Amino acid sequence: MLAQKTIHELHRLLTKKEIKPQEIVTSIFERIGRVEPQVKAYLTLIQEDAMKQAKIAEEKILKGEVLPLTGIPLAIKDNICTEGIKTTCASKMLESFVPPYDATVIQILKAQNAIFVGKTNMDEFAMGSSTENSAFQITRNPWNLERVPGGSSGGSAAAVAADECIAALGSDTGGSIRQPASFCGVVGVKPTYGCVSRFGLVAFASSLDQIGPLAKDVQDAAILLTAIAGHDPNDSTSAPIEKKDYTSKIGQEIRGMKIGIPKEAVQEGLDKDVQGVFEKDVEIFRSLGAEIVEVSLPHLEYAVAVYYIIAPAEASSNLARYDGVKYGFRDEGGENLIDMYCRTRSLGFGPEVKRRIMLGTYALSAGYYDAYYKKASQVRTLIKQDFLNAFKKCDVILTPVSPTPAFKIGEKTSDPLQMYLSDIYTIPINLAGVPAISLPGGLSPDRLPIGLQIIGPHFSEEELFKVAYQFEQALSFKEKPRLEE
Ligand code: GLN
């Protein structure tokens, strides 16, 4: 089945003209027809459009113009703007919003003649860790349909894991690419802040948000990042970086590299199965000739608290634009302007989004700003400094991705704090702005994937892919979800 293949495998077949893009698209939509009723990864599917894009890609290939993503069907998280295609952020507020422009990453992928399959489900405005905060549907984990796929990019991760696309884009503010990748047994990358343009990504917390790939293997993730990374004058926080080939070090040995294990990595709340897999994974690095060194991230314990001041503060400001006037949902029942604002925002936003707006508005209000936002920003600097210090002693750092494997649907919805605490290993990376990759590290005894996180210094993505690839080869994780058995 072509839908099961990777970008690099399909690219080779397309280049040799052994297959046509239309056949890949057909295979993907056949697969979607069989498994999507159970998984529910997509909010919007664009089959007709995908077939048209496939035809255009075929013409390019016949002319010998085959770029790495030409003819490759991709899924896009529904907070990335796609011209003429609904972009809802899984919110009633944007239920019928059709962007008049493409995000920069979409423009880039279109220029390569990649093919879009559809838009994937997510937690409303990317706020959540389970995709249960979607206003529209619950996405299920392809490995176990009673479990969450993680979040907020749960639809993208589930679609990749279920072979409903070849690879996908997600966004990561505090773990939203890496944690669902871990729960669904796929590879996910949170690039260095500023590495990928945020132009056209619906803003949640602007100092933390990054777009990144979700893919079936490390090489595919590197190929997709190579396409989308680079400077963009339309994003003022975009880094002035040269275009790079992030696959260039894949295949190189890691003998002699220093791998840091934070002494805070194994802590209370860490599930025994996750700990077991993590310890085995560390041994694999040793067997590859890497030197294991202990490092310390002393401020790690404050990361979740800092994040839940900074991210909601930025969100409360970013989400002020949904007022029923400019675009999106408006409640018509209001008696005056203020009433219209109130009704629109009360009906348009779900409970988690309202909770964040209230938290953020409180933290930024007069008299509280210094005590909360300013203090959180200072501790954020200390967390970043922890990483800079650790990287003086090692080349990359390993941690688990999430303290538990995928939890049950409904298990944490009544306790927001429990949900927030599940981001302990992913949030510090966004606060520090450094890149990290999540890739399969093993399986739990009840057959749930458990991810491993590899963290590198700012702009060290090439090294990260090199290290991740060697580990992936050594572990040789060949398990797949058993959806159709
Ligand atoms: N789970 C975290 C939150 O709820 C991170 C979300 C994200 O990365 N978008 O904010």
Side-chain angles (χ1 to χ4, degrees), residues 76-80 89-91 120-135 139 148-157 168-184 188-191 193 196 198 201-214 303-319 349-360 363 376 380 401-404 406-407 411-413 415-438 451 453:
I76 308 294
K77 186 175 181 179
D78 212 21
N79 60 351
I80 299 175
C89 288
S91 178
T120 53
N121 196 22
M122 53 185 279
D123 287 297
E124 185 177 3
F125 283 102
M127 297 172 189
S129 309
S130 67
T131 310
E132 291 165 295
N133 294 337
S134 167
T139 297
V148 302
S152 64
S153 313
S156 286
L169 290 186
S171 69
D172 191 315
T173 305
S176 278
I177 290 175
R178 290 159 289 152
Q179 184 255 24
S182 172
F183 282 12
C184 292
V189 181
K190 198 293 281 183
Y193 185 77
V196 177
R198 292 187 296 111
L201 168 68
V202 178
F204 163 12
S206 309
S207 76
L208 301 160
D209 301 339
Q210 269 293 283
I211 295 174
L214 288 120
V304 173
V306 165
Y307 175 88
Y308 279 97
I309 299 287
I310 292 181
E314 293 182 13
S316 74
S317 144
N318 274 325
L319 271 61
F349 290 135
E352 184 61 29
V353 175
K354 286 180 193 160
R355 185 176 299 125
R356 306 283 176 114
I357 292 174
M358 284 189 282
L359 276 172
R380 178 180 187 173
V401 182
S402 170
T404 65
F407 44 89
E411 191 178 323
K412 297 196 184 184
T413 35
D415 188 348
L417 196 58
Q418 273 310 311
M419 194 76 97
Y420 297 172
L421 288 172
S422 70
D423 298 329
I424 174 70
Y425 295 109
T426 48
I427 276 175
I429 283 69
N430 301 72
L431 292 171
V434 292
I437 183 166
S438 162
Q453 176 166 248

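As a basis for the values below, the full set of heavy atoms in this structure was taken, side chains included, without hydrogen atoms, waters or symmetry mates. We count ligands from 1, going down the list as the structure has it; atoms in each ligand are counted the same way. For clarity, every value in this text was computed on a predicted model and none was experimentally measured.
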Taking N or O atoms only and a 3.5 Å limit, does Ser129 qualify as a polar contact for ligand 1?
yes
Contacting atoms of ligand 1, where contact means under 4.0 angstrom from a heavy atom of Gly174
5 (C), 7 (C), 8 (O)
Ligand-side contact atoms (ligand 1) for residue partner Phe204, heavy atom cut-off under 4.0 Å:
9 (N), 10 (O)
Show the atoms of ligand 1 that are less than 4.0 angstrom away from any heavy atom in Ala126.
6 (C), 7 (C), 9 (N)
Checking a contact table here: which protein heavy atom is nearest atom 2 (C) of ligand 1, and how many Å away?
Asp423 OD2, 3.1 Å
Does any N or O of ligand 1 fall below 3.5 Å from an N or O anywhere on Gly151, backbone included?
no
Closest to atom 4 (O) of ligand 1 among Glu352, Gln179, Arg356 (heavy-atom distance)
Arg356
Does some side-chain heavy atom of Ser171 sit less than 4.5 Å from a side-chain heavy atom of Asp209?
no
Between Ile427 and Tyr308, is any pair of side-chain heavy atoms under 4.5 Å apart?
yes
How long is the gap from CD1 on Ile309 to CZ on Arg380, to the nearest 0.5 Å?
13.0 Å
Distance under 4.0 Å to a non-hydrogen atom of Tyr307: what atoms of ligand 1 satisfy this?
2 (C), 3 (C), 5 (C), 6 (C), 10 (O)
Does some side-chain heavy atom of Phe349 sit less than 4.5 Å from a side-chain heavy atom of Arg356?
no
Hey, does Leu421 have a side-chain heavy atom less than 4.5 Å from the side chain of Gln418?
yes
In chain order, what residues pass the side-chain contact (heavy atoms from CB on, under 4.5 Å) check against Ser317, with sequence neighbours excluded?
none
Ser171 N/O under 3.5 Å from ligand 1 N/O
no
Once rounded to the nearest 0.5 Å, what's the spacing between atom CD of Gln453 and atom OH of Tyr425?
10.0 Å
Which protein heavy atom lies closest to atom 9 (N) of ligand 1, and at what distance to 0.1 Å?
Ser176 OG, 2.7 Å
Test side-chain hydrogen bond (donor to acceptor under 3.5 Å, both in side chains), reference Ser134, set Thr139, Asp78, Asn121, output is Asn121
Run the numbers for me: atoms of ligand 1, each under 4.0 Å from some heavy atom of Tyr308, listed by number.
2 (C), 3 (C), 4 (O), 10 (O)
State the atoms of ligand 1, each with its element, that fall below the 4.0 Å cut-off from a heavy-atom position in Ser152.
9 (N)
